[in-house]
Amino acid sequence: MKIATWNVNSVRARHDRLLAWLAAHRPDVLCCQELKVTDEAFVEEVFPAGELAAAGYHAVTHGQKTYNGVAILARTEPTGVARGMDDGVADPQARAIAADVAGVRIVNAYVPNGQSVGSDKWDYKLAWLARLGDWLARSADPSDKLIVCGDFNIAPRDCDVAHPDAWAESVLCHPDARAALAKLLAWGLVDVLAEHHPAGGVYSWWDYRRMAFQRHDGLRLDLLLATAPLAGKCTAADVDRDQRKGTKDDKPSDHAPVIATLDV
DNA sequence: ATGGTTGCTTAGCAA
C-alpha cells in the first residue's frame, strides 16, 4: 500500500495539480487537508461529472466553507466512514475523517494551528489533540492495522526544523504541543518518516513568505503515524519536495505530500 | 518588533 498525506491549502486552487499528482504517483490512499469547500461543492463544483472516479479514485469528505475540511481519496472504496470524532463535542470545525481502506483503518487529521501560545486557538489545539487521543483509545487498539496521518501543525523534533531556535516558542514547536504528540505516539504509533530519516532535515511545509522554500527554511508538520503491525512493514517514507517548487504562477500548496510505502 | 504571502471573500481572517 502506498499512502500519502497532503495539505492542499484549498482543493479548488489545487484542482489541476492534485489530478496530475494522482496520475503520476497513483497512491492507494491520499489524505488531504484544508479543502476549504463543503462536501456538496467538492462533488458538484471542484470535481464535477465524476472527474475523480474517472481518474480511478473514490473520495469521502468532511468539508466546510472557507476553512478546514478533510478528505480520504482511495483506489478502492472506503467503508466505515466517520466524520468528526463522535465524542459529543459540538465542534464546528471539520478537521477529522476516518475510514477503512483495503483492510487498514485510516484516520486523517487536520490539527489546529493554534496561532499563538496562550491564545484561545492554542487552548483549542491542545484540547483537540487530547480528544484525538481519547478517540483512538476508545475506537481502536495498538494491535490494529491503523494509520493516523495528516497536518499535525507540530514539528516533532528539533531536527525536523531548519532553524529550531527561531521556532522554539512557536505553536509548532512548543513543548506542550510536542508533549501532546508524544502522548499519541506512546499509545502505540510510530512516526514512519522519522524512522527512515533519523537524522531529520526532511521538511513538509515552507512559509509562502520570505522565500522560505528557496532558503530551505522548512518544518516537518505533516506526519504518517502507524501502529506496530504496519510500521514494521514500511519500506520507504519520503517527502515529494517537487510539489513545493516553482513560482506563484505554478500555484504550489505551502505543504508538500508525505508518502509511505507499506508492504501489505 | 514588524512584515513578508496565499486563499477565500471582497476587509479581514487564518495560516
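Chain letters run A, B, ... following the sequence lines, proteins first, then strands; residues in each count from 1.
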Task: Sequence-distant partners of A:R95, side-chain hydrogen bond (donor to acceptor under 3.5 Å, both in side chains), two or more places apart - done: A:N68, A:Q93

Open item on the list: Distance check needed: B:dA15 P versus A:D222 CG, whole Å only.
Closed with: 14 Å

- [ ] With sequence neighbours excluded, tell me which residues meet side-chain hydrogen bond (donor to acceptor under 3.5 Å, both in side chains) with A:Y110.
- [x] A:E34

Between the protein and nucleotides 12-14 of chain B, list every N/O to N/O distance that falls short of 3.5 Å.
{"from": "B:dA14", "atom 1": "OP2", "to": "A:K121", "atom 2": "NZ", "distance (Å)": "3.2"}

Task: Atom-pair distance (CD on A:Q33; C1' on B:dA15), nearest Å - done: 14 Å

Open item on the list: Can you check the distance between B:dG7 and B:dA1, where both ends of the measurement are the C1' atom (answer in whole Å)?
Closed with: 27 Å

TODO: Please state how far atom CH2 in A:W206 lies from atom C1' in B:dT6, giving the value in whole angstrom units.
DONE: 16 Å

- [ ] With DNA chain B as reference, determine whether A:W205 or A:T247 sits nearer its 5' end, using the nearest nucleotide of each.
- [x] A:T247

Task: Atom P, compared across B:dG4 and B:dT9: separation rounded to whole Å - done: 24 Å

- [ ] Grab the CG-P distance between A:D254 and B:dG7 for me, whole Å please.
- [x] 9 Å

TODO: Rounded off to whole Å, could you give me the NE2-to-P distance for the A:H255 and B:dT6 pair?
DONE: 15 Å

Open item on the list: Rounded to whole Å, please give me the gap between CG in A:N153 and P in B:dA15.
Closed with: 8 Å

TODO: Give me the residues of residues 210-217 of chain A where at least one heavy atom lies under 4.0 Å from an atom of DNA chain B, by number, or none.
DONE: A:R210

Task: B:dA15 OP1/OP2 closer than 4.0 Å to side-chain N/O of A:R209 - done: no

Open item on the list: Testing A:R220, A:H196, A:H197 one by one against A:D191 for a side chain to side chain donor-acceptor pair (under 3.5 Å), which residue passes?
Closed with: A:R220

- [ ] Give every residue pair that meets the side-chain hydrogen bond (donor to acceptor under 3.5 Å, both in side chains) criterion with at least one member in residues 70-79 of chain A, sequence neighbours excluded.
- [x] none

Task: Comparing A:P112 and A:K248 on DNA chain B - which has the more 5′ nearest nucleotide - done: A:K248

Task: Residues forming a side-chain hydrogen bond (donor to acceptor under 3.5 Å, both in side chains) with A:R131, sequence neighbours excluded - done: A:D87, A:D91

Task: Co-members of the apolar cluster containing A:W21 [side chain, <4.5 Å] - done: A:W6, A:V8, A:V11, A:L18, A:L19, A:L22, A:L30, A:L35, A:V37, A:F42, A:V43, A:V46, A:F47, A:L52, A:Y57, A:L73, A:I259

Task: Ion pair check, A:R178 and A:D158, cut-off under 4.0 Å - done: yes

Task: For atom CG of A:D249 and atom P of B:dT5, their distance in whole Å - done: 14 Å

TODO: Provide the distance between the two C1' atoms, one in B:dT6 and one in B:dA11, to the nearest whole Å.
DONE: 16 Å

TODO: For A:E45, check salt bridge (charged side-chain N to carboxylate O under 4.0 Å, His left out) against everything at least two apart and list the hits.
DONE: A:R12

Task: Atom-to-atom span, CD of A:E45 to P of B:dG7 - whole angstrom - done: 18 Å

Task: Inter- and intrachain pairs under ring pair (Phe, Tyr, Trp, His ring centres under 6.0 Å), touching residues 208-237 of chain A, at least two apart - done: A:W206-A:F213

